[in-house]
Chemist: 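My questions all concern the structure below.
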2 protein chains.
Amino acid sequence: MATERTDPLTVEVVELIGDVVARYYTEYEQAAAKHSLTGVQARVLGLLATEPTPMRRIAQKLRCEPSNITGIVDRLEARGLVERRPDPYDRRVKIAAATEEGMGTARRLRESLDFAREPLAQLTDEERRGLRDLLRRMLGAGAPAVP
Amino acid sequence: MATERTDPLTVEVVELIGDVVARYYTEYEQAAAKHSLTGVQARVLGLLATEPTPMRRIAQKLRCEPSNITGIVDRLEARGLVERRPDPYDRRVKIAAATEEGMGTARRLRESLDFAREPLAQLTDEERRGLRDLLRRMLGAGAPAVP
DNA sequence: TATTGTTATACTCTATAACTATA
DNA sequence: TATAGTTATAGAGTATAACAATA
């Protein structure tokens, strides 16, 4: 059902969320660029640093077509940050995984994302818990995530 | 200064913010696609629906190179959603503005962005005020915005 | 001289469709 | 036959550099 809330307070909060999103996204791109990575390359590298993943699965997580992953992994592989491994149980499948160097780059990238962490540090534990519960509710209200 | 907060609660909140950003971004792109617009085109149209803007200023707001705006406005103009007007005070400047049709598209686009508004409706006014203040603090803590 | 918008170029990301090698 | 990954293609967004018109 369409929820009708057009009071000034709600409108302001919606706009603020849009601002936070734009800000977060911009800073993520800039952090990636400092490592000579595009935003998408950084996202894939971060994914593979957490867990080696079949090509198709990467596409699902990024919500894009599988054919696009080929090129993205190609470019990461050409820089020695990622490698393709065979799947011992299905010879059609290729599992992309971060190399040692890729793991290091992913870690430095993660640590440089201070935008969210810094202002959060100004909050009390109580406020942080409140924010956490609020965000959970926002995320739980709609479509399912792709884990 | 680098703020060191790596306790589980802060880490979880940072991850949740990342999730909200990803979710917001995805839904924005989908809403734009329903009007046969790319995300960037939708952003520019939304900007021009609020206020006619010189080409260079659009680039500043989007934080990209001015040369890119030419093509984006070209495509919006080809569809009759935007038009270029001369600046009476400086003949070098072209002011991009939404047409009547563009205003309508921008309005429908705005109204279809329910992701943020719906879960927000579940909160009390008190909670909404708390969230607003929190988001303001987050946005105020870092680099200056481009108004 | 400096600035505005544009053009030209190269690269990346994207979806679509067709291909290959496996299953 | 169905699926995983790839290739080929076309469109869009991006940065860089060079250009014409105007300030």
Side-chain angles (χ1 to χ4, degrees), chain A residues 22 25-48 52-79 81-97, chain B residues 22 25-48 52-79 81-97:
Chain A
Y25 212 85
T26 298
E27 300 213 0
Y28 190 87
E29 295 277 328
Q30 288 172 346
K34 277 179 190 154
H35 296 271
S36 302
L37 294 170
T38 66
V40 170
Q41 287 168 4
R43 282 180 68 192
V44 170
L45 180 59
L47 197 66
L48 301 183
T53 309
M55 303 295 281
R56 208 130 197 127
R57 190 89 192 86
I58 300 174
Q60 288 170 349
K61 294 226 190 191
L62 263 63
R63 296 172 193 270
C64 74
E65 293 300 313
S67 59
N68 298 324
I69 307 303
T70 300
I72 297 166
V73 169
D74 278 353
R75 288 180 274 277
L76 288 170
E77 193 167 31
R79 292 179 47 188
L81 302 174
V82 154
E83 62 185 10
R84 284 169 164 97
R85 300 173 186 161
D87 181 331
Y89 302 106
D90 187 337
R91 287 191 295 172
R92 292 174 303 180
V93 175
K94 292 177 188 169
I95 299 173
Chain B
Y25 211 85
T26 299
E27 302 213 359
Y28 190 87
E29 295 277 328
Q30 289 172 347
K34 278 179 189 153
H35 297 270
S36 303
L37 294 170
T38 67
V40 170
Q41 287 168 5
R43 283 179 69 191
V44 171
L45 180 59
L47 197 65
L48 301 184
T53 310
M55 303 296 280
R56 209 136 197 119
R57 189 88 192 85
I58 300 174
Q60 288 170 347
K61 294 226 189 191
L62 263 62
R63 297 171 192 273
C64 73
E65 293 299 314
S67 59
N68 300 323
I69 306 303
T70 300
I72 296 166
V73 169
D74 278 353
R75 288 180 274 277
L76 288 171
E77 193 167 32
R79 291 181 47 188
L81 302 174
V82 155
E83 62 185 11
R84 286 170 164 96
R85 300 173 185 162
D87 181 331
Y89 303 105
D90 187 338
R91 286 192 295 170
R92 294 174 303 180
V93 174
K94 291 176 189 170
I95 299 175

Chemist: What is the distance, to the nearest angstrom, from the CD1 atom on B/Ile72 to the C1' atom on C/dG5?
Modeler: 14 Å
Chemist: When rounded to the nearest 0.5 angstrom, what is the spacing between CE in A/Met55 and CD1 in A/Ile72?
Modeler: 8.5 Å
Chemist: How long is the line joining OH of B/Tyr89 and P of C/dT4, in whole Å?
Modeler: 18 Å
Chemist: Compile the donor-acceptor pairs under 3.5 Å between side chains in residues 31-45 of chain A and protein atoms, sequence neighbours left out, one pair per line.
Modeler:
{"residue": "A/Thr38", "atom": "OG1", "partner": "A/Gln41", "partner atom": "N", "Å": "3.1"}
{"residue": "A/Gln41", "atom": "OE1", "partner": "A/Thr38", "partner atom": "N", "Å": "3.2"}

Chemist: To the nearest 0.5 Å, how far apart are CZ in B/Arg56 and CZ in B/Arg92?
Modeler: 9.5 Å
Chemist: What integer distance in Å separates B/Gln60:CD from C/dG5:C1'?
Modeler: 13 Å
Chemist: How long is the line joining CG of A/Asp87 and C1' of D/dT3, in whole Å?
Modeler: 13 Å
Chemist: Grab the CZ-C1' distance between B/Arg75 and D/dT14 for me, whole Å please.
Modeler: 11 Å
Chemist: Taking only residues two or more places apart in sequence, or in another chain, which ones meet A/Asp87 in a salt bridge (Lys or Arg N to Asp or Glu O under 4.0 Å)?
Modeler: none
Chemist: How does each nucleotide of nucleotides 4-10 of chain D score, in 5' to 3' order, for protein heavy atoms under 4.0 Å: base (B), sugar-phosphate only (S), or none (-)?
Modeler: BBBB---
Chemist: Going by number, which of residues 31-47 of chain A have a non-hydrogen atom under 4.0 Å from DNA chain D?
Modeler: none
Chemist: B/Cys64 versus B/Ile69: any side-chain heavy-atom pair under 4.5 Å?
Modeler: yes
Chemist: Can you name the residues that form a salt bridge (Lys or Arg N to Asp or Glu O under 4.0 Å) with A/Arg85, not counting sequence neighbours?
Modeler: A/Glu83
Chemist: State whether B/Arg91 places a side-chain N or O below 4.0 Å from either non-bridging phosphate oxygen (OP1 or OP2) of D/dA23.
Modeler: yes
Chemist: How far does CD1 of A/Ile58 sit from CG of A/Asn68, to the nearest 0.5 angstrom?
Modeler: 12.0 Å
Chemist: So do A/Ile95 and A/Arg84 actually touch side chain to side chain, heavy atoms under 4.5 Å?
Modeler: no
Chemist: Between A/Asp74 and A/Arg79, is the closest basic N to carboxylate O distance under 4.0 Å?
Modeler: no
Chemist: Taking only the side-chain heavy atoms of B/Glu65 (C-beta and beyond), determine which of D/dT16, C/dT14, C/dA15 contains the nearest atom.
Modeler: D/dT16
Chemist: Using five base pairs at each end, measure the axis-to-axis angle across the helix from C/dT1-D/dA23 to C/dA23-D/dT1 and round it to 10 degrees.
Modeler: 10°
Chemist: Please report the shortest heavy-atom distance between A/Leu48 and A/Ala96, naming the atom on each side.
Modeler: CD2-O, 3.5 Å
